[in-house]
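Read the structure below first, then the notes.
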Amino acid sequence: MLKTSIRNKLIVLLLLITIIPFGSSIIVTYLYTKESLKDQSIQENINLLYQGKVNIESYLKELNNFTFSFYNNSNFMNYLRKQEIGDYGSRSFVHNVIQSLLYSDESVYKVSMAIVKHQELLTVSRRSAIAYSRLIGLEEIDYYKKAKENSANLYMEPLNEFNRFTIHRAFKDIPANHILAYVSLEIRPDKINELSKYLYHEETEEFYILTQEGHLIYSSEPLSSEDRLFKWKESLLDSVETSGTMAWKDEDFDGVMIYETISDATGNWILVKRIPNTTLYESAYGVALINIFFGVIGLVLVILATLLVSFKITSPIRILLQNIKQVEKGNMQVQFQTLGKDEIGILGDRFKTMIEKINQLINREYKLELENKTNQLKVLHSQINPHFLYNTLQSIGTMALKSKVPEIYSSLTDLSQIMRYSMNMEEDIVPLEKEINYTKAYMLLQKQRFGEDLEYQLDIDEEVLNIKVPKMILQPIIENYFKHGFDGRDHIGKLIVKCKLKNQMLLISISDNGHGVSEERLKEIRQQLNEEANRSLSGDSIGLKNIYERLKLYYENDITFKLKNRDSGGFLITIRLPIEMGFFHEGHNR
């Protein structure tokens with residue numbers, strides 16, 4: 001009942017056509033909004049990081065430009081080119097250059113200058129005066145070597161233990177290519193930190209500045225060790241692109257990394273911004289929650305409306321169904337007044353009218369007709385006693401044998417078999433073997449009648465003999481041949497009956513070499529076969545129409561019944577039947 005109920009089907013259908021669009025709309029809107037806002041957020045952060053790169057790059061260029069002022073000081077340049085170290089008075093302009101560098105920007109904490117020819121190091125800081133020291137093999141010092149090898153003659157040393165980074169520049173003797181000195185500026189990262197804070201949200205995002213070697217310049221996160229960086233740092237450093245985005249997921253982070261590389265002329269730093277997916281999708285989650293909220297409200301309203309509509313529509317149907325069940329049990333009284341004025345109400349009124357007519361048929365016509373048929377059947381049985389008829393035929397046959405006329409005895413035997421088979425009303429379904437034996441007896445009588453003018457062939461497979469078929473489906477067809485196709489011939493009449501098993505179907509074909517049927521008549525016969533039967537199958541209605549209608553009843557229309565003229569002359573009827581009968585057969589036998 002739950003599976004076949006119209007109410008349940010209607011409820012499920014209405015819920016599906018509501019939930020699926022609502023749910024699909026929410027899901028599609030969420031996914032589209034999620035990706036759209038994610039792309040928008042990423043693009044905004046790319047633009048922000050690029051602007052931050054420009055600002056930091058400008059600041060680093062400004063610091064680097066301070067050292068270029070040396071080239072305008074001829075006394076200083078000549079001093080660097082001399083092989084000998086001058087006295088303190090002759091080096092006063094050197095002091096001025098270093099002091100000017102120290103106070104060129106408030107972020108500069110310490111200035112160092114290593115003069116190559118003098119092997120001398122000059123150092124000054126915000127807290128100490130100028131100090132001189134000898135420096136042997138300065139070109140072998142690592143950060144000087146890196147500055148010399150760099151295309152921009154520049155190397156940015158990462159943060160030291162005092163949280164300051166150093167810019168090392170190799171000072172060349174332009175236009176010559178040899179190094180005169182190395183200038184180092186130790187910078188407090190205050191300005192870098194200030195510029196960096198505008199590039200990320202402190203609570204939801206991460207920001208880092210790394211050197212090309214992977215050393216940390218700036219970190220938004222308080223790190224006790226750089227070990228936390230190695231998982232994504234190596235992948236980032238291996239990238240051939242100077243800027244872009246990279247998805248990353250591990251136990252600590254799931255999101256997108258955006259990076260920009262500062263130009264080689266200003267230190268070649270990498271700016272990295274890490275944005276978790278929760279931050280990227282935060283707006284999408286909000287939109288999705290709003291959609292889900294209103295979707296749930298709409299869904300609840302739709303469910304209530306669905307239940308109301310389904311109950312309103314199906315309640316009259318259930319009342320009608322209950323009355324139909326009462327009719328099935330024999331209670332022919334309708335137990336409702338009206339079901340409304342719609343289509344279901346009209347159906348209820350028609351049902352009431354139908355029940356009234358059925359009651360009239362039962363009470364006034366059916367019982368009288370049944371009594372009349374019963375009386376007629378009794379009269380027929382009283383007129384001819386089959387046993388009397390069989391005994392009489394047997395007696396005539398015995399007399400024929402005594403008179404030495406065996407042909408008469410054989411004919412009477414075949415006739416007796418035919419009558420016994422056709423008058424047996426207790427058996428409506430028989431094995432095909434009985435139908436074949438009856439047909440064979442009928443053909444023997446016809447053979448004795450027509451002699452050499454008739455030839456017939458029964459080609460029957462043994463595997464089909466036990467298949468149950470309706471009684472009297474072959475002989476009426478064969479009889480049509482003798483009625484319409486045998487007379488007026490100029491050759492020997494031939495009839496072939498074949499019964500085969502093909503694809504789990506019983507295939508019966510009956511062919512002759514008679515006159516056949518005109519195309520107009522054949523079309524008319526086919527049309528009559530396809531028309532609904534308008535009278536009972538009892539009585540004398542034994543013919544093609546009768547056989548076709550009975551087969552449809554027994555096999556529930558799962559049959560093939562074809563009629564056609566043979567190309568070589570004559571007529572062919574092909575019948576295809578299932579080897580098992582349907583429900584009607586079982587009920588009919590009971």
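Residue numbers start at 1 and run along the sequence shown.
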Counting distance only, does the side-chain N/O of S128 pair as donor-acceptor with the main-chain N or O of V124 below 3.5 Å? no

Give a yes or no on whether the ring-centroid distance for F165 and W269 is below 6.0 angstrom. yes

Is atom NZ of K110 surrounded by more than 12 heavy atoms (other residues, nucleotides or ligands) closer than 6.0 Å? no

Please answer whether the main-chain N or O of L102 pairs with a side-chain N or O of R126 as donor and acceptor at a distance below 3.5 Å. yes

Crowding at OH, Y103 (>12 non-hydrogen neighbours, <6.0 Å): yes

Honestly, is R188 close enough over Y109, meaning NZ or CZ under 6.0 Å from the six-membered ring centre and within 45° of the axis? no

Is any side-chain heavy atom of L159 closer than 4.5 Å to one of L216? no

Within 45° of the ring axis of F207 and under 6.0 Å from its six-membered ring centre, is that where the NZ or CZ of R274 lies? no

Please report the interatomic distance CZ(R169) to CG(L185), rounded to the nearest 0.5 Å. 9.5 Å

Whether D250 side chain and F253 backbone form a donor-acceptor pair below 3.5 Å: yes

Kindly give the heavy-atom pair with the smallest separation between V108 and L101, and that separation in Å. CG1-O, 3.9 Å

Give me the ring orientation class for W232 and Y208: parallel if the planes are under 30° apart, tilted from 30 to 60°, perpendicular past 60°. tilted

Would you say CD of E251 has more than 12 non-hydrogen atoms from neighbouring residues, nucleotides or ligands within 6.0 angstrom? yes

Would you say that more than 12 heavy atoms from the other residues, nucleotides or ligands in this model lie under 6.0 Å from the CD of E202, or not? no

Distance check, rounded to the nearest 0.5 Å: T211 atom OG1 versus I262 atom CD1? 11.5 Å

At what distance, to the nearest 0.5 angstrom, does OG1 of T261 lie from CD of E57? 10.0 Å

Starting from the C-alpha separation in whole Å, work towards a yes-or-no answer on side-chain contact (heavy atoms from CB on, under 4.5 Å) for L48 and L199. CA-CA 6 Å; L48 178 63; L199 302 180; 4.2 Å; yes

In terms of side-chain heavy atoms, does S243 have a donor or acceptor partner in Y50 at a distance below 3.5 Å? no

CD-CE distance between E241 and M246, expressed to the nearest 0.5 angstrom: 10.0 Å

Any side-chain donor near an acceptor of the partner, Q43 and N47, under 3.5 Å: yes

Output for pair (I275 CD1, T245 OG1), nearest 0.5 Å, gives 10.0 Å

Basic-acidic side-chain contact under 4.0 Å: K273, E205: yes

Side-chain heavy atoms of R164 within contact of I187, under 4.5 Å: no

Just checking K500: does its NZ atom have more than 12 heavy atoms from other residues, nucleotides or ligands closer to it than 6.0 angstrom? yes

Nearest heavy atoms of L501 and L506, plus distance in Å: CD1-N, 4.5 Å

Which atom of H215 lies closest to which atom of P158, heavy atoms considered: CB-CB, 3.4 Å

F162 and N160 have their tightest heavy-atom pair at N-OD1, 2.9 Å

Does atom NZ of K117 have more than 12 heavy-atom neighbours from other groups under 6.0 Å away? yes

Using a 3.5 Å distance criterion without hydrogens, assess whether the side chain of N150 forms a donor-acceptor pair with backbone atoms of K146. no

When rounded to the nearest 0.5 Å, the distance separating CE of M505 from CD of E580 is 12.0 Å

Do you know which two heavy atoms are closest between L271 and G52, and how far apart they sit? CD2-C, 4.1 Å

Compute the ring centroids of Y155 and Y143, then answer whether they are less than 6.0 Å apart. no

What are the two closest non-hydrogen atoms of P276 and T204, and how far apart are they? CD-O, 3.1 Å

Mind running side-chain contact (heavy atoms from CB on, under 4.5 Å) on Y200 and E206 for me, showing each step along the way? CA-CA 7 Å; Y200 69 97; E206 302 175 16; over 6 Å; no

Step by step, would you call F171 with M77 a side-chain contact (heavy atoms from CB on, under 4.5 Å)? CA-CA 10 Å; F171 195 74; M77 294 296 296; 3.5 Å; yes

Is it true that atom NZ of K148 has more than 12 heavy atoms of other residues, nucleotides or ligands lying nearer than 6.0 Å? no

Verdict with reasoning, D105 to Y59, per side-chain contact (heavy atoms from CB on, under 4.5 Å): CA-CA 10 Å; D105 188 89; Y59 171 67; 3.8 Å; yes

Using a cut-off of 6.0 Å, state whether more than 12 heavy atoms not belonging to E106 lie near its atom CD. no

